[in-house]
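Source: prediction; values computed, not measured. Reminder, nothing fancy here: chain letters follow the sequence lines and each chain counts from 1.
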Amino acid sequence: MTYLDVARIKEDFPILRREVHGHRLVYLDSASSSQKPIAVLDAMDQMYRTSYANVHRGVYTIAEEATAAYENARTKVARFVNAPSTAELVFTRNATEAINLVAYTWARANLREGDAIVLTHLEHHANVVPWHMLAAERGVEVRWIPMTPDYELDLSNLDALLDGAKLLGVSAMSNVLGTMPPVRQLVDAAHAVGALALVDACQYVPHNVTDVQAWDADFVAFSAHKLLGPTGIGALWGREALLDAMPPFLGGGEMIRDVRLDGFTPNELPWKFEAGTQPIAEAVGFGAAVDYLSALGMDAVRAHEKQLTAYALNALLERFPRTLHIYGPLDVERRGGAVSFLFDEIHAHDVSQVLDEDGVCVRAGHHCAKPLMRVLGVPATTRASFYVYNDETDVDVLVESLAKAEKFFLG
Amino acid sequence: MTYLDVARIKEDFPILRREVHGHRLVYLDSASSSQKPIAVLDAMDQMYRTSYANVHRGVYTIAEEATAAYENARTKVARFVNAPSTAELVFTRNATEAINLVAYTWARANLREGDAIVLTHLEHHANVVPWHMLAAERGVEVRWIPMTPDYELDLSNLDALLDGAKLLGVSAMSNVLGTMPPVRQLVDAAHAVGALALVDACQYVPHNVTDVQAWDADFVAFSAHKLLGPTGIGALWGREALLDAMPPFLGGGEMIRDVRLDGFTPNELPWKFEAGTQPIAEAVGFGAAVDYLSALGMDAVRAHEKQLTAYALNALLERFPRTLHIYGPLDVERRGGAVSFLFDEIHAHDVSQVLDEDGVCVRAGHHCAKPLMRVLGVPATTRASFYVYNDETDVDVLVESLAKAEKFFLG
Amino acid sequence: MPGLEDLYREIILDHYRSPRNRGELPVPPAHKVEGFNPLCGDEVVLYLDVDPDTDTVRDVKIAGQGCSISQASTSMMSAAVKGKSVAEARQLIRAFKALMSIHEHKLEGEGDGADLQAELEGVRLGDLEALQGVVKFPVRIKCATLAWNTLQQGLDETG
Amino acid sequence: MPGLEDLYREIILDHYRSPRNRGELPVPPAHKVEGFNPLCGDEVVLYLDVDPDTDTVRDVKIAGQGCSISQASTSMMSAAVKGKSVAEARQLIRAFKALMSIHEHKLEGEGDGADLQAELEGVRLGDLEALQGVVKFPVRIKCATLAWNTLQQGLDETG
Ligand SMILES: Cc1ncc(COP(=O)(O)O)c(C=O)c1O
Ligand SMILES: Cc1ncc(COP(=O)(O)O)c(C=O)c1O
C-alpha cells in the first residue's frame with residue numbers, strides 16, 4: 001500500500017530537479033534540514049512582493065495584512081501540534097533558541113544549587129549545552145538516562161534518577177538513532193516527582209501527528225526548517241501558566257507593554273517572548289509548511305516513512321550483511337526515519353564523499369550528539385534520513401552507491 | 001542634482017507596483033522595516049530552489065554550496081561595515097538579539113553591583129530593556145544622557161555621567177527624531193574612562209557609509225530587514241578580543257567544539273555565538289541586500305536621503321506652518337530621513353488611518369522609544385521615513401494626504 | 001475595501017470632539033483604574049463610583065489621551081454604563097466584545113456566529129453600534145476595546 | 001566538477017591504509033598534543049620529541065582516528081617533519097596551508113596568489129602535493145589541515 005504519491009510530491013520540490021555530478025539529486029539528509037516545496041517558497045515570496053511590512057506596529061493596510069498573516073501562521077502552527085491556545089506558541093529563532101529560552105528564564109528563576117536536571121543519552125547538543133551552561137553557573141546537577149544495548153532508553157533506574165529533579169529533558173525522537181522514547185510515560189514520571197518535562201520535538205513534529213496535550217508536557221521545542229519550512233524560525237510551546245510566570249528572555253521592542261527610564265512592564269503572551277522584529281516572512285513560510293504537511297496528512301506521512309524505513313533497513317542489511325553496522329532500533333514501530341550506519345573499515349566522511357559523486361546526500365559526523373557518539377563508541381556515523389519526497393528508488397540508489405564506496409575503499 | 005535614479009529603483013521593488021484603496025503604494029515606513037528588491041528575493045528563492053542544505057555539516061555538494069553561500073554573505077556584510085575580520089561578524093536573529101547577546105554575555109560576566117551603564121534619551125527599547133533587565137538583576141545603575149531642546153544629545157554633563165561607567169550605549173541615529181549623535185566623540189569619551197561603547201546602528205547602517213573601525217566602537221548592532229534584506233537576521237560586530245573572552249550565549253549545535261556528558265568546549269569565532277541552525281537563506285538575502293546597496297553607493301544613498309529629507313521638511317513646514325509640529329533637528333547634515341511630526345489636535349493614529357486611504361504608509365505610535373516619548377511629552381507621533389525607493393512625488397502625495405486628514409478631523 | 005466613513009461615523013467624531021463625563025471623582029469612594037494600549041501609547045483612566053448596596057454604577061468619569069476611536073469609545077462607554085447595574089454593565093462589556101468579534105487565544109470551541117448572537121441578544125447597544133465599523137480595521141479594534149477592558153478590570157477590582 | 005580521483009590519490013589511500021609513525025612516545029621527554037575537528041569528530045594526537053639543543057624534531061608519533069584525508073595527512077605530515085629543524089617544520093606548515101589556500105578571517109590584504117607563491121618558494125612538499133586535490137572540496141580542507149594545526153600548536157607549546 002502506498003500512503004503518499006511521492007512522484008507527485010517530488011514535483012513540488014524544485015531542488016529535486018537539480019543534478020549533481022550528472023546525477024539526479026537524492027536528498028537523504030532531511031533530519032539535518034528538509035527541502036522546501038514551492039508552496040512554502042511562494043508564500044514567503046508573495047508576502048514580500050505584495051504585503052510586507054513590520055507587524056503589530058502600523059495602522060496602514062499592508063501592515064494589517066502582514067500582522068494578520070503573521071498571527072495566522074501562529075494559529076496554524078499551534079493547531080499543528082494541538083496547542084490549546086495561540087498564547088502558548090512562541091516563535092523563536094530555532095529549536096535551539098526555544099530550549100535556551102527555557103534555560104535562561106524558567107530554569108534560572110527556579111533552579112538552585114543542588115537541584116537536578118535529568119537528560120537522556122540520546123539528546124542533541126541543543127538539549128545538552130544549555131543545561132551544561134546552567135549547571136556550571138548554578139551548581140545544578142545533570143543526570144543521564146542511559147541507553148540499552150538495543151538503542152532504547154534504559155528506564156530501569158528512572159525513579160532514582162528523577163529523585164530530587166526539577167526538570168526532565170527528553171528528545172521525542174533521536175536524530176541519530178531514530179529511537180522514539182515513551183514521552184508520555186516519562187512526562188508522567190517527571191510530574192510524579194514534581195518536575196517539569198521539556199520535550200525536544202525537533203525530529204518528531206516533522207514526521208508524526210504531534211499532540212502536546214496528549215504528551216501532557218510542559219515545554220515543547222521544534223524548528224520550521226526540518227518540516228519543509230524556512231530557516232530562521234522555530235517554536236516553543238509552553239503551558240500558559242508557566243510562560244506567564246516566567247521572566248522575559250530578550251528585551252526590546254514588541255515584548256513590552258511599557259518602558260520607562262527606570263524599568264519596564266512586559267507584554268502579554270506570546271509576544272512577551274518575541275523581542276524585536278519577528279521572523280515575519282519566515283512565520284508565513286512556517287504556516288505554509290504545516291499546511292502542506294496537513295494536506296498530506298501526518299498519519300500518512302508517518303505510515304509512508306515507516307514503510308520506507310523498513311525497506312531501507314532491509315536493503316542495507318541484505319546487501320551488506322557483514323560489513324555494515326546499523327545504529328538504532330530495527331523495529332519501525334519504535335523508530336523514525338533517521339538511519340545511522342557505519343562500515344567497519346570506512347570512515348563516515350569518506351562514505352559520504354563517494355555518495356556525493358552519485359548525487360546522494362547523506363550526513364556524516366557526530367550529528368550534534370557527541371555524548372551519544374561517545375556512548376556508541378564511534379566518532380561519527382553516516383546517516384540517511386527520509387521524508388515525504390523520498391521513495392524506494394532513492395533507497396536503491398543509496399544502496400548501489402554504498403556498494404561503490406565499499407569497493408573503492410576496501411577494494 | 002540627483003544621486004539615485006529612483007524611477008529605475010522603484011521597478012526593482014515589486015510591492016511598489018501594488019495598489020491600496022485604488023492608489024499606488026507610497027511606502028514611507030522604512031525606518032520600521034524596508035521593502036525588498038527582486039535581487040534579494042531571488043537570491044533567497046534561488047538558494048532554496050537549487051542549493052539549499054544545512055551549513056557547516058555536510059560533505060556533499062549542495063551542503064558545500066550552502067556553506068559557501070552563507071559564509072560569503074558574512075564576508076559581504078562584514079565588508080559593508082568595514083569590519084576588519086569575518087570572525088568578528090556574528091549573525092543574530094535581529095539587532096535586538098545582538099544587543100541582548102552583549103547584555104547576557106559580556107555584561108553579565110563583567111558588571112557588578114554599583115557599576116554604571118550610560119544610555120541616551122534617544123534609545124530604542126532594544127537598547128533600553130536589556131539594560132533594565134540587567135539593572136534589576138545585578139543592581140547596576142543606568143544613567144541617561146539627556147536631550148537638548150533642539151533634539152541633540154546634551155553632552156554638557158558627559159564626564160560626570162561616564163564617571164564609573166563600564167558601558168556606553170548609543171544609537172547612531174534615532175529612529176524617531178533622525179538625530180545622529182557624534183558617535184566617535186562618545187566612543188572616545190567612554191574609552192577615556194575605561195568603558196566600552198556599544199553602538200545601536202540599526203538606523204544608521206541602512207542609510208550611511210558605516211565604518212566600525214572609524215567609530216572605534218566595541219560592539220555594533222544592526223538588522224537586515226531595515227536595509228532591504230529579509231526578516232529573521234541581524235548582526236553583531238564586536239572586537240575579536242572581546243568576543244573571544246566572552247562566555248557563549250545560546251548553547252547548542254554549531255557553537256561547540258566538543259560536548260561531553262560533563263561539559264563542553266565552545267567553538268571558534270564567529271560560530272561560538274551562532275547556536276543551532278542558522279538563518280541560512282536569510283544570510284544569503286542579507287548579502288544580496290548589501291550588494292544592492294553597494295551598487296547604488298552608500299554615499300549616493302545618504303546624499304539622496306539628505307536631499308529628500310530637506311524637501312520633505314520644507315514641504316511640511318510650508319504647508320502646515322501653524323498646525324504641524326516637527327520633532328527632530330531641521331539641519332539635514334545632522335539628521336537622517338526619519339521625520340516625526342504631530343498635528344496639534346489630531347492623534348497620530350488617526351492621521352495614519354486617513355493617509356492609508358490614499359495608499360500612504362506612515363508609522364504612528366511610540367516607535368519603540370517610550371522613554372523618549374515621555375521626554376518629548378507626547379504619547380505618539382506620526383513618522384514618515386525615506387529610503388532609496390522614495391522620491392519627491394512620494395513626499396507630495398504625503399503632504400496632500402495630510403491636508404485631507406487635517407480637513408477631515410479639524411474641519 | 002471599507003472606507004473612512006465606516007470607521008469615523010459622525011457620532012464617533014462627536015464623542016471624540018466633545019467627550020462625555022470627562023473629569024475625576026474623589027478616590028475613595030470612587031475607584032480609579034488605568035488602561036494602556038502598548039501599540040500606540042493610548043491611555044484610558046476611569047473613575048468608577050459603584051454603589052455597593054444597589055450594585056449600580058452611580059457615576060463614571062473618564063480621563064486619558066489617545067486616538068479618536070479610543071477616546072470616543074471611552075466616552076460612549078461612560079454614557080452607556082452610567083446608572084446601570086453592575087450586571088448590566090458586564091453584559092454590555094460582553095456584548096461590545098462580541099460586536100468587535102474578539103477571539104481570545106483559545107483554539108477550541110471558537111465563536112461561530114451563534115455565540116455572537118447569543119451575546120447580543122436582548123442587549124441594546126444604541127450609539128455604540130456606530131463602533132461596529134472598527135471591525136473592518138483590525139488594528140483599531142484594540143483602540144475601541146481599551147475602555148471596555150479597563151472597565152472590566154475596574155469592576156473586577158471593586159466587586 | 002572534480003572527481004573522486006582528485007581527492008583520493010593512490011598515495012593518500014596508501015597512507016590511510018598504512019599510516020607511518022603510528023604509536024606513542026614517552027611523555028616527557030616528548031610532548032603530547034591533540035587536535036579536534038568539531039565538524040566530524042576527527043581526532044589527531046601527536047607525540048613530538050623536539051631536541052632543544054639542535055631545535056630539531058627528533059621523533060614524531062601519531063594516533064587518533066578520522067577520515068582518510070585527515071589520517072593520511074597526519075601520516076604524511078609525520079613523515080615530512082621527522083628529522084627536520086623546527087624552523088623547517090614551521091615553513092612546511094605555512095607552505096601546506098598556502099597549498100590549501102587557507103584564508104584567515106582577515107578582510108584586508110588577502111592573499112592574491114603572489115602570497116601563495118612566496119610561501120611555496122623553495123619548499124619541497126613532495127608527497128604532500130597529492131593533497132592538493134582537497135582544495136576543490138572545501139569541507140575537506142579542515143580534514144587535511146587538522147594535523148598541521150595540531151603540529152603548530154605542539155611546536156608553539158614546546159618552543
Ligand atoms: C534604533 C533602533 N534600534 C534597534 C531596533 C531594533 O531592531 P530589530 O527590531 O530589527 O531588532 C530598531 C528597529 O526598530 C531601531 O530603530
Ligand atoms: C533532536 C534535535 N534537537 C534539536 C535540534 C536543533 O534544531 P535547530 O538547529 O533547528 O535549532 C535538532 C536539529 O539538528 C535535532 O535533531
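- Contacts between A:His367 and chain B at a heavy-atom distance below 4.5 Å are absent for every atom of the residue.
- With a 4.5 Å cut-off on non-hydrogen atoms, A:Val142 does not touch chain B at all.
- Closest approach of B:Ala69 to B:Met47, counting heavy atoms only: CB-CE, 4.0 Å.
- Contacts between A:Thr277 and chain B at a heavy-atom distance below 4.5 Å involve backbone atoms as well as side-chain atoms.
- With a 4.5 Å cut-off on non-hydrogen atoms, A:Leu25 touches chain B through its side chain but not through its backbone.
- Interface residue A:Ser51: backbone and side-chain heavy atoms are both found under 4.5 Å from chain B.
- The contact between A:Val362 and chain B is made entirely by backbone atoms, counting heavy-atom distances below 4.5 Å.
- Taking B:Ala63, B:Gly232, B:Ala369 one by one and counting their heavy-atom pairs under 4.5 Å with chain A, the maximum is reached by B:Gly232.
- Contacts between A:Ala281 and chain B at a heavy-atom distance below 4.5 Å involve backbone atoms as well as side-chain atoms.
- Using a 4.5 Å cut-off between heavy atoms, A:Met255 contacts chain B through its side chain alone, with no backbone atom that close.
- Between chain A and the residues B:Gly263, B:Ala95, B:Gly276, B:Gly58, the largest count of heavy-atom pairs under 4.5 Å involves B:Gly263.
- For A:Ile256, the part sitting under 4.5 Å from any heavy atom of chain B is the side chain, from C-beta outward, and nothing else.
- Using a 3.5 Å distance cut-off with no hydrogens or angles, the side chains of B:His21 and A:Thr61 do pair a donor with an acceptor.
- Atom NZ of B:Lys36 sits about 7.0 Å away from atom OG1 of B:Thr231, to the nearest 0.5 Å.
- Between A:Arg24 and A:Glu19, no side-chain nitrogen of the basic residue sits less than 4.0 Å from a carboxylate oxygen of the acidic one, so the salt-bridge criterion is not met.
- Using a 4.0 Å cut-off between charged side-chain N and carboxylate O, A:Arg374 and B:Asp258 make a salt bridge.
- Counting heavy-atom pairs closer than 4.5 Å to chain A, the top residue among B:Trp144, B:Trp131, B:Phe13, B:Tyr27 is B:Trp144.
- Here the CD atom belonging to A:Glu274 is positioned 11.0 Å from the CG atom belonging to A:Leu250, to the nearest 0.5 angstrom.
- If you take CG on B:Asn127 and OG1 on B:Thr120, they are separated by 8.0 Å, rounding to the nearest 0.5 Å.
- Contact count versus chain A (heavy atoms, under 4.5 Å) is highest, among B:Ile99, B:Asp262, B:Leu355, for B:Asp262.
- Among A:Cys368, A:Ala275, A:Ser30, the residue making the largest number of heavy-atom pairs under 4.5 Å with chain B is A:Ala275.
- For the pair B:Leu134/B:Ile117, a side-chain contact is recorded, criterion being any heavy-atom separation below 4.5 Å from C-beta on.
- In this structure, chain B has heavy atoms under 4.5 Å from both the backbone and the side chain of A:Phe249.
- A salt bridge is defined here as a Lys NZ or Arg NE, NH1 or NH2 lying under 4.0 Å from an Asp or Glu carboxylate O, and B:Arg17 with B:Asp12 fails to meet this definition.
- Counting heavy-atom pairs under 4.5 Å between each of B:Asp45, B:Leu101, B:Leu41 and chain A puts B:Leu41 at the top.
- Side chains of A:Ser33 and B:Asn54: a donor-acceptor N/O pair is absent below 3.5 angstrom, by distance only.
- Heavy-atom pairs under 4.5 Å with chain B peak, among A:His125, A:Arg49, A:His132, at A:His132.
- Ranked by heavy-atom pairs under 4.5 Å with chain B, the list A:Pro279, A:Cys361, A:Gly365 is led by A:Cys361.
- Between chain A and the options B:Leu261, B:Asn94, B:Ile38, the largest number of non-hydrogen pairs under 4.5 Å is found for B:Leu261.
- Under 4.0 Å is where a charged nitrogen must lie from a carboxylate oxygen, and between B:Glu65 and A:Arg18 at least one such pair does.
- Atom OH of A:Tyr70 is separated from atom CD1 of A:Ile280 by 7.5 Å, given to the nearest 0.5 angstrom.
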